Colleague: 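Could you have a look at this structure, given as structure tokens, before my questions?
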Amino acid sequence: MEVKFTDAQNAFRAEVREWLAAHVPSERLPSFDTKAGFELHREWERTLAKDKWGNVSWPVEYGGRGLDLTHWLIIEEEYYRADAPLRVSQNGIFLLAPTIMEFGTDAQKARFLPAMASGDEIWAQAWSEPGAGSDMAAIRTKAVREGDEYVISGQKTWSSRAVYADWCFGLFRTEEGSERHKGLSKILVPLDSKGLTIRPIAQLDGDEGFAELFFDEVRVPVDNLLGPEHGGWGVAMATAGFERGLLLRSPARFQAAAARLVDLYKKNRDRVSSGIREQVLQAWMTAERFCAATYALVAQVGAGASISSEASANKIFWSEMDRHLHRTAMTILGARAELESGADAEDNGRWLDGYMFSLAGPIYAGTNEIQRNILAERVLGLPRK
Amino acid sequence: MDFRYTQDQQDLIDAAKAVFDGENTLERMRLIVANEKVDDLWPQFSELGLLGIMAPESVGGLEQDLSVMAGIAEAAGYVALPESLVELAGISVPLLNAMGETGKIKQVLAGDLAVGVLSPLLSNNNQAVHCDLFIRTTRDGGEPVSVPKVKFETRQSIDPLRGLSSATQPGEHNSFVEHHGAVLTAAQLVGLSKRMVDMSVEYAKERHQFGKPIGSFQAIKHHLATVHAQIEFTRPMVQLAALQSGRAVHTAKIAAVDTAMLAAETAIQVHGGMGYTYEVDLHLFMKRAWALCGEWGDRNYHMKQLEDLILDGEAELGPGTSFAA
Ligand SMILES: Cc1cc2nc3c(=O)[nH]c(=O)nc-3n(C[C@H](O)[C@H](O)[C@H](O)COP(=O)(O)OP(=O)(O)OC[C@H]3O[C@@H](n4cnc5c(N)ncnc54)[C@H](O)[C@@H]3O)c2cc1C
């Protein structure tokens with residue numbers, strides 16, 4: 001068991017730190033859930049891409065640096081330490097790209113990966129439907145094969161980034177009369193397709209962070225099928241595994257928030273009750289535990305272990321931590337917590353934004369109830385019925 | 001950076017676990033509780049080299065670090081081991097080594113000497129009656145105190161498997177010893193938590209109500225999944241604390257206490273009325289957990305240390321500060 005970074009890893013950290021110091025915008029960018037903010041975040045993706053910092057974990061053959069997860073964690077630590085902009089290209093670079101590398105054809109790899117890495121094409125995910133939330137196998141949106149095209153009809157919803165993004169990927173029912181997990185296919189769809197209507201949905205903060213997608217005989221070439229036709233469930237599970245597993249939320253994000261929380265407490269220590277001290281420490285400790293566990297998981301993955309159902313514990317842990325951390329900040333702020341802007345709004349309302357977003361954590365990427373079902377049944381072995 | 005046990009380390013831990021699981025069965029524990037005579041496991045521990053896990057190779061030890069000892073302590077916690085092996089091999093032997101007392105270590109390894117530690121963070125000495133010698137901790141080492149010179153008061157623990165005494169000469173704070181004590185206590189709590197979950201899962205598969213196993217009810221599933229997740233995020237913290245000092249250690253002990261208390265409360269709930277009896281074995285693990293929560297710095301102690309370090313100090317916090325350079 002070795003918990004020291006090597007000289008080479010420390011040198012790498014210094015290099016990342018230096019690059020970020022020179023490039024991170026001095027002002028926080030506006031939210032990428034606004035038109036202007038989205039384009040500024042796209043610009044940031046281009047800046048990252050120019051010096052190859054956007055997709056370091058991709059293999060060299062696909063234009064990445066082929067770095068292992070330990071290096072990815074180091075970058076994340078420096079990234080959040082520098083308070084760099086959130087990654088608007090997260091869906092593509094971290095979720096879709098590994099699936100394309102595993103299941104895609106050479107033509108698909110060549111067509112999609114470079115534009116994803118450069119920030120020219122930003123991706124949204126389109127799994128959920130009005131009738132298929134937690135129960136994703138209830139998907140009904142159809143993709144009927146006609147010659148060398150799929151004709152898509154139906155409705156997707158809650159698609160994050162879809163208002164301003166360029167492409168989406170999701171599951172569609174390709175086999176007529178099929179049910180549940182069978183007969184679904186993973187298909188890539190341009191968001192400017194004819195027949196595709198995008199209705200933005202305002203999120204809790206009022207910004208249009210996700211959208212409903214109405215498909216009215218949208219035609220895409222069969223070349224946009226990713227993986228086996230009718231075998232999309234297995235392909236999708238690969239994506240869900242990556243997402244729930246490691247790549248969606250690294251510990252650095254929460255450690256940075258916990259450090260800011262300690263500062264917030266220190267600034268307000270004279271006016272808050274002493275009971276808040278334990279809450280602040282609890283938030284800090286939880287982030288440290290998440291860090292230790294992630295490094296342990298990364299070491300196991302590095303040694304060839306694969307993450308599956310165990311990843312459900314991860315999702316529960318970080319999302320509940322994030323909510324508690326932000327609630328603690330709201331408690332410290334007291335009457336100022338509701339302020340979105342103005343001189344008295346701490347950090348321009350950042351804690352409030354963070355608290356609202358933390359409430360979504362236990363819902364997206366598979367609700368925490370679903371994760372607990374998975375842990376109980378697949379890890380602990382409790383009976384399904 | 002490679003935060004996992006090497007194959008050799010894992011093999012050692014697995015070997016110890018096999019002995020604990022195989023020997024300290026529920027039947028054995030029931031006999032001890034009933035004051036019946038049972039086979040002493042110390043000769044086996046000695047023979048297998050478990051007493052010398054942390055002793056230097058020069059005196060016949062295995063010279064393993066605290067992270068390996070923590071793995072063994074977790075396994076000991078899993079069976080609520082009555083023998084004070086973790087204290088002897090994981091605290092007394094390293095302290096003797098730090099004091100340069102190689103002669104005494106050899107005696108310990110041969111099974112001829114049981115050494116206890118007197119520390120201000122240890123309010124109750126487990127199995128003190130079996131000790132032949134005590135080391136009273138000093139700031140940077142310790143001084144031997146012969147048994148007749150230690151004034152003991154016998155105490156009755158709620159844990160029927162611990163023979164407790166309190167000593168009146170507690171010694172001085174010693175960060176080396178307290179690091180070992182806190183980490184190994186936390187590791188045992190992880191093992192105990194896991195055992196309580198495992199027992200509850202087994203029970204939930206067997207016990208039927210409304211024509212179904214109670215484990216099929218989602219409320220039961222979610223309770224147990226919650227504890228499981230807590231355990232998975234406590235164990236690595238304890239392992240990390242074995243290789244770090246200061247705030248990681250306080251965090252690990254507090255996390256282990258909170259996880260174990262939750263595991264115990266959840267386990268009793270899953271067992272229903274059965275859980276509230278002296279007849280179902282669950283109580284042995286629950287009581288050991290309660291007992292260990294307070295040793296080598298209770299939750300208040302570690303929380304106060306963290307308050308000093310994190311809230312009232314100027315420590316550097318945030319991403320990239322969790323691992324000492
Ligand atoms: C901020 C945000 C971003 C999102 N982004 C995307 C995206 O980009 N693309 C996309 O496709 N989707 C996205 N989603 C949708 C998300 O995946 C779904 O909201 C989620 O899967 C839950 O589905 P639902 O909303 O229909 O809730 P429901 O499934 O209706 O669940 C409602 C409640 O019932 C509980 N419940 C349901 N089934 C069970 C069960 N079997 N056992 C116990 N409890 C149960 C749930 O846990 C929840 O508490 C996003 C959601 C949010 C909040």
Side-chain angles (χ1 to χ4, degrees), chain A residues 1-6 9-10 13 70 74 76-81 251-253 255-256 258-260 262 265-266 269 277-278 280-281 284-286 288-293 295-300 302-303 310 312-313 316-317 369 371-377 379-385, chain B residues 1-6 9 65 67-68 197-198 200-201 204-205 212-213 215-218 220-226 228-244 247-248 250-252 254-255 258 303 306-307 310-312 316-325:
Chain A
M1 210 168 242
E2 178 58 76
V3 293
K4 278 196 170 60
F5 293 104
T6 62
Q9 286 165 338
N10 284 327
R13 183 188 291 280
T70 302
I74 292 172
E76 288 279 301
E77 285 168 357
E78 293 307 315
Y79 197 87
Y80 282 97
R81 188 177 172 277
R253 178 183 181 121
Q255 292 182 293
R260 287 198 302 119
V262 171
Y265 162 74
K266 286 181 174 177
R269 75 160 80 229
R277 289 165 68 84
E278 165 134 8
V280 174
L281 282 179
W284 179 83
M285 286 189 291
T286 314
E288 292 302 301
R289 290 165 69 192
F290 189 55
C291 175
Y295 272 88
L297 206 58
V298 159
Q300 279 158 25
E310 297 83 359
S312 292
I316 294 171
F317 197 81
E369 287 74 23
Q371 307 300 348
R372 282 184 165 85
N373 290 348
I374 293 172
L375 280 182
E377 289 166 14
V379 179
L380 295 178
L382 287 167
R384 295 187 69 111
K385 286 198 184 101
Chain B
M1 179 62 65
D2 194 10
F3 187 21
R4 69 195 162 95
Y5 290 118
T6 63
Q9 292 175 328
D65 67 20
S67 72
V68 175
V197 168
D198 287 355
S200 303
V201 166
K205 288 200 264 191
K212 299 178 194 166
S216 67
F217 301 130
Q218 208 172 53
I220 297 285
K221 285 181 181 169
H222 285 196
H223 282 322
L224 290 171
T226 297
H228 172 81
Q230 287 300 317
I231 294 172
E232 294 304 304
F233 285 87
T234 300
R235 184 185 293 115
M237 191 67 228
V238 174
Q239 291 167 350
L240 179 60
L243 302 172
Q244 310 268 294
R247 64 205 209 185
H250 305 306
T251 304
I254 293 169
D258 291 349
M303 201 52 113
L306 271 189
E307 288 184 33
I310 307 296
L311 299 181
D312 303 331
E316 204 197 331
L317 305 177
T321 62
S322 305
F323 303 93

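Every chain is numbered from 1 and lettered A, B, ... according to where its sequence line falls, protein lines coming before strand lines. It should be emphasised that the depicted structure is a prediction, and the values quoted were computed from it without experimental measurement. Just so you know, these numbers use all the heavy atoms, side chains as well, and skip hydrogens, waters and symmetry mates.
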Colleague: Quick one: what part of A:Val3 sits under 4.5 Å from any heavy atom of chain B, side chain, backbone, both or neither?
Modeller: both
Colleague: Which atoms of B:Leu306 are under 4.5 Å from chain A, going by heavy atoms: the side chain, the backbone, both sets, or neither?
Modeller: both
Colleague: What option among B:Ala324, B:Ala229, B:Pro213, B:Gly320 has the most heavy-atom pairs under 4.5 Å with chain A?
Modeller: B:Gly320
Colleague: Tell me the closest heavy-atom pair linking B:Ser200 and B:Leu224, and the distance in Å.
Modeller: CB-CD2, 3.7 Å
Colleague: At a 4.5 Å cut-off on heavy atoms, which part of B:Gln9 comes close to chain A: side chain, backbone, both, or neither?
Modeller: side chain
Colleague: Please state whether the side chain, the backbone, both or neither of A:Arg269 comes within less than 4.5 Å of a heavy atom of chain B.
Modeller: side chain
Colleague: Using a cut-off of under 4.5 Å on heavy-atom pairs, state which of A:Val280, A:Asn373, A:Asn10, A:Leu375 scores highest against chain B.
Modeller: A:Asn373
Colleague: Counting only non-hydrogen atoms closer than 4.5 Å, does B:Val197 touch chain A with its backbone (N, CA, C, O), its side chain (CB onward), both, or neither?
Modeller: side chain
Colleague: Testing the basics here: between A:Tyr295 and A:Ile74, what is the closest heavy-atom pair and its distance to 0.1 Å?
Modeller: OH-N, 4.5 Å
Colleague: Chain B heavy atoms under 4.5 Å from A:Phe5: which part of the residue, side chain, backbone, both or neither?
Modeller: both
Colleague: Which atoms form the tightest heavy-atom contact between B:Lys205 and A:Gly381, and what is the distance?
Modeller: CD-O, 3.6 Å
Colleague: Which of the residues B:Glu232, B:Lys212, B:Gln218, B:Glu316 is involved in the greatest number of heavy-atom pairs with chain A at under 4.5 angstrom?
Modeller: B:Gln218
Colleague: Could you tell me which of A:Ala293, A:Ala252, A:Pro383 has the largest number of non-hydrogen atom pairs under 4.5 Å with chain B?
Modeller: A:Pro383
Colleague: Given the options A:Ala296, A:Ala313, A:Gly302, which has more heavy-atom pairs under 4.5 Å with chain B than any of the others?
Modeller: A:Ala296
Colleague: For the residue pair A:Ile374 and A:Gln371, establish whether any side-chain heavy-atom pair is separated by less than 4.5 Å.
Modeller: yes
Colleague: Less than 4.5 Å to any heavy atom of chain B: does that hold for the side chain of A:Ala258, its backbone, both, or neither?
Modeller: neither
Colleague: Tell me whether B:Tyr5 contacts the main-chain N or O of B:Ser67 through its side chain, where contact means a donor paired with an acceptor under 3.5 Å.
Modeller: yes
Colleague: Looking only at heavy atoms and a cut-off of under 4.5 Å, which of B:Ala255, B:Ala242, B:Ala204 has the most pairs with chain A?
Modeller: B:Ala255
Colleague: Apply side-chain hydrogen bond (donor to acceptor under 3.5 Å, both in side chains) to the pair A:Arg289 and B:Thr251, showing each step before the final yes or no.
Modeller: CA-CA 8 Å; A:Arg289 290 165 69 192; B:Thr251 304; over 6 Å; no
Colleague: Where does B:Asp312 contact chain A at under 4.5 Å (heavy atoms): side chain, backbone, both or neither?
Modeller: both
Colleague: Checking A:Thr286 against A:Phe317 for the side-chain contact (heavy atoms from CB on, under 4.5 Å) test, could you report, in this order, the C-alpha distance in whole Å, the side-chain angles of both residues, the deciding distance, and whether it holds?
Modeller: CA-CA 9 Å; A:Thr286 314; A:Phe317 197 81; 3.5 Å; yes
Colleague: At a heavy-atom separation under 4.5 Å, does A:Val298 approach chain B through its side chain, its backbone, both, or neither?
Modeller: neither
Colleague: Between B:Thr6, B:Val201, B:Thr321, B:Val68, which shows the greatest number of heavy-atom pairs under 4.5 Å with chain A?
Modeller: B:Val201
Colleague: If you count heavy-atom pairs within less than 4.5 Å of chain B, which of A:Glu77, A:Met1, A:Arg260 leads?
Modeller: A:Met1
Colleague: So what's closer than 4.5 Å to chain A heavy atoms on B:Ala252: side chain, backbone, both or neither?
Modeller: neither
Colleague: Can you tell me which of A:Gln255, A:Glu369, A:Glu377, A:Arg277 forms the most heavy-atom pairs within a distance under 4.5 Å of chain B?
Modeller: A:Arg277
Colleague: For A:Lys4, is it the side chain, the backbone, both, or neither that has a heavy atom closer than 4.5 Å to a heavy atom of chain B?
Modeller: both
Colleague: Find the one option among A:Met285, A:Arg81, A:Glu288 whose heavy-atom pairs under 4.5 Å with chain B are most numerous.
Modeller: A:Met285
Colleague: Measure B:His222 against the heavy atoms of chain A and call it side chain, backbone, both or neither at under 4.5 Å.
Modeller: both
Colleague: Counting only non-hydrogen atoms closer than 4.5 Å, does B:Gln230 touch chain A with its backbone (N, CA, C, O), its side chain (CB onward), both, or neither?
Modeller: both
Colleague: Is A:Arg13 salt-bridged to A:Glu78, going by a charged N under 4.0 Å from an acidic O?
Modeller: yes
Colleague: For the candidates B:His223, B:Arg235, B:Gln244, B:Gln239, which exhibits the highest count of non-hydrogen atom pairs separated by less than 4.5 Å from chain A?
Modeller: B:Gln239
Colleague: Taking the side chain as every heavy atom from C-beta outward, state whether A:Tyr79 and B:Pro319 have any atom pair closer than 4.5 Å.
Modeller: no
Colleague: Under 4.5 Å heavy-atom distance to chain B, tell me which part of A:Glu76 shows up: side chain, backbone, both or neither.
Modeller: neither
